[in-house]
2 protein chains.
Amino acid sequence: MKDIARHAGVSQSAVSFALNGRPGVSEGTRERVRRVAEQLGWRPSTAARQLSGEGAATVGFVLARPADTLGVDSFFLQLVSGIQEVLAERHLGLLFQVVEDVTDECAVYRRWWAEHRVDGVLVVDPRTDDPRPGLLDELGLPAVVIGGAPDERHPGISTVWADDAGAMASVVDELYALGHRRIVHIAGLPGLAHTERRVRTLRAEAGRRGLTEVESVTTDYSDAEGAAVTRRVLERPAPPTALIYDNDVMAVAGVATAAELGFSVPADVSVVAWEDSALCRMVKPWLSALSRDSVEFGRTAARELTALVDGGPARTVRVPVPRVIVRDSTGAARDA
Amino acid sequence: MKDIARHAGVSQSAVSFALNGRPGVSEGTRERVRRVAEQLGWRPSTAARQLSGEGAATVGFVLARPADTLGVDSFFLQLVSGIQEVLAERHLGLLFQVVEDVTDECAVYRRWWAEHRVDGVLVVDPRTDDPRPGLLDELGLPAVVIGGAPDERHPGISTVWADDAGAMASVVDELYALGHRRIVHIAGLPGLAHTERRVRTLRAEAGRRGLTEVESVTTDYSDAEGAAVTRRVLERPAPPTALIYDNDVMAVAGVATAAELGFSVPADVSVVAWEDSALCRMVKPWLSALSRDSVEFGRTAARELTALVDGGPARTVRVPVPRVIVRDSTGAARDA
DNA sequence: GCAAGAACCTAATGCGCTTTAGCGACTAAA
DNA sequence: TTTAGTCGCTAAAGCGCATTAGGTTCTTGC
């Protein structure tokens with residue numbers, strides 16, 4: 001800025017005013033300063049800016065997953081891609097970290113907060129009884145919880161969520177209409193808020209229809225557990241006629257396992273995957289799936305966070321209910 | 001720090017010396033200061049630190065991919081997970097950005113450099129005729145190219161790479177021994193350095209053995225193109241007896257397509273996937289694959305970058321050659 | 001014609017840290 | 001006794017920016 005000031009023949013403060021759109025300089029000077037800055041390829045030092053009161057121009061994103069569980073899941077990269085789109089417009093950086101568990105995640109938030117490294121954070125995989133919203137609220141670090149249910153206990157925290165309950169209800173509707181009465185839901189990690197929501201809804205829907213042979217089994221989302229649970233339930237005397245998988249990976253593994261056991265999909269057993277991705281169209285039969293726009297989900301979350309960072313109020317935003325895409329893996333129940 | 005100084009009854013400079021292990025304070029004072037700092041939960045402001053000459057304590061990572069191509073690919077998350085492991089030890093942050101293409105990527109590097117936002121960057125998907133190493137070398141931004149071939153033109157840039165050529169040679173060896181003489185390599189994006197290396201090596205290996213019906217076809221890595229190319233080559237009068245796919249996603253799509261066309265794997269056509277992942281064990285038959293340790297790859301790259309940032313010399317490091325994991329998708333050629 | 005105010009600009013301060021220069025007290029060598 | 005040197009510490013400057021408190025000149029209203 002000193003250089004710019006010299007070249008433009010004004011003081012450093014004038015440069016600051018000119019470049020930040022503050023009043024106090026004439027339009028002529030402003031334009032001249034702008035041109036010099038442009039020509040010199042000047043960009044403000046984020047560190048200096050931050051030191052004089054501005055934010056860090058950065059938001060944080062922590063992924064708490066054991067390293068080997070990362071991988072095939074397409075949801076996160078899509079989400080991040082949507083987040084980036086919004087952040088990039090406003091020249092905000094994304095500080096990314098992978099940790100082992102929620103405890104480490106909280107430690108990262110504390111560190112970021114103490115070091116003034118981020119202006120806000122995006123929280124994923126909310127849990128029932130989650131320590132994170134409380135911590136962030138207490139630290140006063142703006143945060144958006146992605147995928148959580150609305151939570152009034154932490155007024156400083158925004159929430160962006162999809163209506164899993166509604167989606168689950170529509171899946172059950174669909175399967176019930178096709179004559180399915182014995183349904184197993186191969187769920188994700190227990191303790192995750194959306195897992196619990198789906199499990200609860202399934203139970204409620206079953207109850208409402210008087211179905212007794214409907215249940216949820218939790219897993220770690222891996223293809224291995226998906227396959228194992230599939231094998232276990234299909235080997236029963238009265239195996240289920242429909243399987244709902246909480247992600248695409250387990251669904252694909254489940255279909256392979258079913259085929260191995262001599263079950264034909266969808267003639268003997270119908271399959272629905274919770275996440276739609278290329279994977280669902282890479283196996284035969286093509287998987288019916290619940291589809292949501294993960295990129296848009298990310299965009300929405302990022303927009304909420306920037307609003308919050310700018311001093312806006314915390315809000316709860318619902319994104320559209322995931323839709324069932326019917327493909328080849330669902331059909332009428334054999335015994336219907 | 002002012003608070004700490006007051007509590008410990010020393011000057012602020014003494015606190016700085018004590019906390020940074022600099023000489024100039026007695027052991028007693030140092031210990032006392034440490035305790036007070038600990039008790040007050042003090043963490044240095046990265047911004048202030050950076051402003052007084054230290055680095056940004058952050059490294060950058062840009063992924064240049066159209067949003068819809070992101071996704072099923074497990075390589076990147078694994079890589080990032082390895083990178084994080086090393087960075088976390090040293091309390092370095094990872095600034096992450098997704099962009100559309102290499103031009104945008106260069107713009108990001110320029111911005112980060114001008115804003116002093118990062119101490120170094122990790123570059124992935126190197127290309128033949130890549131503008132990035134030149135730019136980074138010119139800017140003087142420490143960088144590690146991941147997956148590139150050694151390049152002497154840019155002495156400031158480190159390289160971490162796997163020997164694709166050796167791996168390709170071993171795959172051809174394997175297939176040749178099984179009697180395969182007509183081989184199609186469904187390659188990745190043209191212009192990527194490792195794509196070109198693999199294509200060149202395949203051609204050389206074929207030449208060495210006098211095979212004329214061996215070729216590479218480039219794609220965009222998507223399941224769609226993988227399937228399309230598979231269909232095209234299998235519908236020929238003399239279809240190949242072996243297919244080498246440059247990633248797991250295309251391999252899986254290819255197997256599905258082959259099955260559709262009435263080709264049995266591996267009886268009619270053998271399949272090898274370049275990347276090993278859960279995906280390869282989620283389809284039947286299980287896919288033979290080239291396996292490498294992507295997490296370790298990430299660790300190595302991060303270690304090189306930290307060494308470079310610390311003022312070490314640029315180096316070229318080779319990670320182990322990917323190994324062929326033989327599963328069920330490769331067998332003797334039918335006409336052998 | 002003069003005071004009041006607006007318009008445009010500069011000087012100076014501070015953000016939280018590192019670092020250099022310097023200072024007093026003590027010790028060892030001459 | 002003096003000189004030089006060391007140890008443990010403090011005072012002060014500076015990193016690049018935003019901001020606040022002036023300070024001129026120019027206009028405006030009476």
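Chain A is the first sequence line, chain B the second, and so forth, proteins listed ahead of strands; every chain is numbered from 1. If you're wondering where the values come from, they're calculated on a predicted model, not measured in any experiment.
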Worksheet item: Which one, D:dG16, C:dT18, C:dC9, comes nearest to the side chain of A:Ser45?
Response: D:dG16
Item to complete: Could you tell me how the ring of B:Phe76 sits relative to the ring of B:Phe61: parallel (under 30°), tilted (30 to 60°) or perpendicular (over 60°)?
Response: perpendicular
Worksheet entry | Sugar-phosphate, base or nothing in reach of A:Ser16, heavy atoms under 4.0 Å | base
Discussion item. Under 4.0 Å, heavy atoms only, any strand: does A:Gln50 hit a base, just the sugar-phosphate, or nothing?
Written reply: nothing
Response to the item:
The answer to which of B:Arg30 and A:Asn20 contacts DNA chain D further toward the 5' end, by nearest nucleotide, is B:Arg30
Discussion item. For A:Ile146 and A:Leu79: C-alpha separation, side-chain torsions, deciding distance, then whether side chain to side chain contact (heavy atoms under 4.5 Å, CB included) applies.
Written reply: CA-CA 10 Å; A:Ile146 298 177; A:Leu79 187 76; 4.2 Å; yes
Discussion item. Counting the atoms with a prime plus P, OP1 and OP2 as sugar-phosphate, which does A:Arg43 contact under 4.0 Å by heavy atoms, base, sugar-phosphate, or nothing?
Written reply: sugar-phosphate
Fill in: Nucleotide nearest A:Phe17 (side chain, heavy atoms from C-beta), chosen from D:dT20, D:dG14, D:dG16
D:dT20
Discussion item. Side chain of A:Glu54, heavy atoms from C-beta onward: which of D:dG16, D:dT19, D:dC17 has the nearest atom to it?
Written reply: D:dT19
Worksheet item: Given C:dC17, C:dT10, D:dA18, which nucleotide is nearest the side-chain atoms of B:Gln12?
Response: C:dC17
Discussion item. Any side-chain N or O of B:Arg49 below 4.0 angstrom from OP1/OP2 of C:dG16?
Written reply: no
Discussion item. Base, sugar-phosphate or nothing for A:Gly24? Non-hydrogen atoms, less than 4.0 Å.
Written reply: base
Fill in: N/O (side chain, B:Ser11) to phosphate O (OP1/OP2, D:dT10) under 4.0 Å
yes
Worksheet item: Once you round it to whole Å, what is the distance between P of C:dT19 and CE of B:Met1?
Response: 11 Å
Worksheet, complete the sentence: Interatomic distance, OG1@B:Thr46 vs CG@B:Leu92, rounded to 0.5 Å, equals 11.5 Å
Discussion item. To the nearest 0.5 Å, what is the distance between CD1 on B:Ile83 and CZ on B:Phe96?
Written reply: 9.5 Å
Practice prompt. Between B:Ala48 and A:Ser13, just flag the one whose closest nucleotide in DNA chain D comes earlier from the 5' side.
Written response: B:Ala48
Worksheet item: How is A:Ser26 classified with respect to the nucleic acid when contacts are heavy atoms under 4.0 Å: base, sugar-phosphate, or nothing?
Response: sugar-phosphate
Practice prompt. In whole angstrom, give the distance that lies between atom NZ of B:Lys2 and atom C1' of D:dA12.
Written response: 14 Å
Worksheet item: Rounded to the nearest 0.5 Å, how far does OG of B:Ser45 lie from CG of A:Leu51?
Response: 6.0 Å
